[in-house]
Trainee: 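Before I ask anything, here is the structure I am working with.
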Amino acid sequence: MSGFAESLLAWFDVHGRHDLPWQHPRTPYRVWLSEIMLQQTQVTTVIPYFERFLQAFPELPDLARAPLDAVLAQWAGLGYYSRARNLHRAAQVCVAEHHGQLPASLVDLIKLPGIGRSTAAAILSQAFGQPAAVLDGNVKRVLSRVHGITEPVEQRHAEQRLWQLAEAALPTHRAADYTQAIMDFGATLCTQSQPACLMCPIQSICQARQLGLTATIPAKTAKAQVPERHTRMLLLKDGGHGLILERRPERGIWGGLYSLPELPVDADPGTWCDAHYRLRIGPTSTFSQFRHKFTHFTLRAEVLEAVVLPTAAMMDPGPLQWVSRAQLPTLGLPKPIKTLLKTLLVN
DNA sequence: AATTCGGGGAA
DNA sequence: TTCCCAGAATT
């Protein structure tokens, strides 16, 4: 029995997080949903989405039979929308192949879309009480510090080493508590900046602490600066309260969400609308401009406003959809688009 | 091995 | 501003 795991468990009993929403009740469905939402997303951000999602889809079969649009509407604003599409597909696989329940083995969990090695281990240990090693950002930070790993943690060699260390550290009992313990430890004590080493129960075995490297471990490789992309969007309205939205393709940014129709900056709006949507529009004017930062690029968008001229074809604008103001709250809208349309509703 | 996926909290 | 967060899928 390693002193490491026992120390973390003892620390967890006193200082751990025992009242997170997915811990009561701790069902496989709720644990799974939380793990997906928590991928690259902080706990405080997830909690309100988690509560609302469960209101809409209380059990796994409810999620499986829901339309994808309804799932994306609940996910809107949380980001990384492939998580929602994979979650939805995985629920349908569970109904079709696992009697409507989440499988209770590592290999079957990993087969489900959206579940990788670490998430599968988190679900297996927390929902089914079986020992399995997770390796998320918290665990990488804790283990790289304890063992004094100075290489960038993204590198293949360091990653493999960290998985080995994570496996080796596993206790044979209290599987769920240990997973929660090491993540809580990384999230609240062994933090990225200013870790609370003076309060740390394992400071005596921590290599980073002894070498004075807690500020430089975990090391990260430098990232290239993000490029900027320029686009135009159309705010197309009729005489009343309707406007036109476009459902974005599943691949690419904001996949599956509803947004304003986009066109290249060098295209003529009138010609574009006629050719792609069979719509005649009046003269355009700039409604607004905004910049939105993504992880790997910055989007600079110019929003052009125009009125749709009445024609026979205007009610069936190709891939686009007329949307009333009343429908807007039920649609999955990207955060900046939702903000933009909110300013519109005030007028 | 490198890129592509969002959005927000915190320093 | 910048960094990072209970990562996975794709190329």
Trainee: In whole angstrom, give me the gap between the P atoms of dA6(C) and dA11(B).
Mentor: 14 Å

Trainee: Calculate the interatomic distance between Ile47(A) atom CD1 and dG9(B) atom C1'; express it in whole Å.
Mentor: 13 Å

Trainee: In terms of the nearest nucleotide of DNA chain B, which residue is placed more toward the 5' end: Tyr49(A) or Gln194(A)?
Mentor: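 The residue whose closest nucleotide sits nearer the 5' end is Tyr49(A).
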
Trainee: From CD of Glu159(A) over to P of dA2(B), roughly how many Å is that when rounded to an integer?
Mentor: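 It is 13 Å, rounded to the nearest whole Å.
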
Trainee: Mind checking the C1' distance from dC4(C) to dG6(B)? Whole angstroms is fine.
Mentor: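 Here dC4(C) and dG6(B) have their C1' atoms 13 Å from each other.
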
Trainee: Determine, for nucleotides 4-11 of chain C in 5'-to-3' order, which nucleotides have protein heavy atoms under 4.0 Å from the base (write B), from only the sugar-phosphate (write S), or from neither (write -).
Mentor: SBBBSS-S

Trainee: Are Leu304(A) and Met314(A) grouped together when hydrophobic residues (ILVMFWY) are joined by side-chain heavy atoms under 4.5 angstrom apart?
Mentor: yes

Trainee: Do you know which two heavy atoms are closest between Trp75(A) and Tyr80(A), and how far apart they sit?
Mentor: NE1-O, 3.9 Å

Trainee: Under 4.5 Å between side-chain heavy atoms, counting indirect links through other Ile/Leu/Val/Met/Phe/Trp/Tyr residues: same cluster for Leu309(A) and Leu236(A) or not?
Mentor: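 No, no single cluster joins them.
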
Trainee: Rounded off to whole Å, could you give me the CH2-to-P distance for the Trp254(A) and dT4(B) pair?
Mentor: 17 Å

Trainee: Going only through I, L, V, M, F, W and Y residues with side-chain contacts under 4.5 Å, is there a path from Leu245(A) to Tyr277(A)?
Mentor: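 No; tracing contacts between hydrophobic side chains, which count when under 4.5 Å, never links both residues.
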
Trainee: So which one's nearest nucleotide on DNA chain B is more toward 5', Thr44(A) or Tyr81(A)?
Mentor: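 This one resolves to Tyr81(A).
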
Trainee: Is NZ or CZ of Arg52(A) both nearer than 6.0 Å to the six-membered ring centre of Tyr49(A) and within 45° of the ring axis?
Mentor: yes

Trainee: Can you measure Phe294(A) atom CZ to dT2(C) atom C1' for me and round it to whole angstrom units?
Mentor: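 Roughly 18 Å, once rounded to whole Å.
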
Trainee: When you check the phosphate oxygens OP1 and OP2 of dG6(B), does a side-chain N or O of Trp75(A) lie under 4.0 Å from one of them?
Mentor: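 Answer is no, no contact under 4.0 Å.
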
Trainee: How long is the gap from CZ on Arg141(A) to CZ on Phe185(A), to the nearest 0.5 Å?
Mentor: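 With rounding to 0.5 Å, CZ (Arg141(A)) is 10.0 Å from CZ (Phe185(A)).
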
Trainee: Give me the one residue out of Thr45(A), Val46(A), Leu87(A) that meets side chain to side chain contact (heavy atoms under 4.5 Å, CB included) with Met37(A).
Mentor: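 For Met37(A), the side chain to side chain contact (heavy atoms under 4.5 Å, CB included) check succeeds only for Val46(A).
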
Trainee: Strictly below 4.0 Å: does His292(A) bring a side-chain N or O up to OP1 or OP2 of dG6(B)?
Mentor: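 For dG6(B), neither OP1 nor OP2 has a side-chain N or O of His292(A) closer than 4.0 Å.
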
Trainee: Could you tell me the separation between the CZ atom of Phe297(A) and the C1' atom of dC5(B), rounded to a whole number of Å?
Mentor: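 Computing the Phe297(A):CZ to dC5(B):C1' distance gives 9 Å.
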
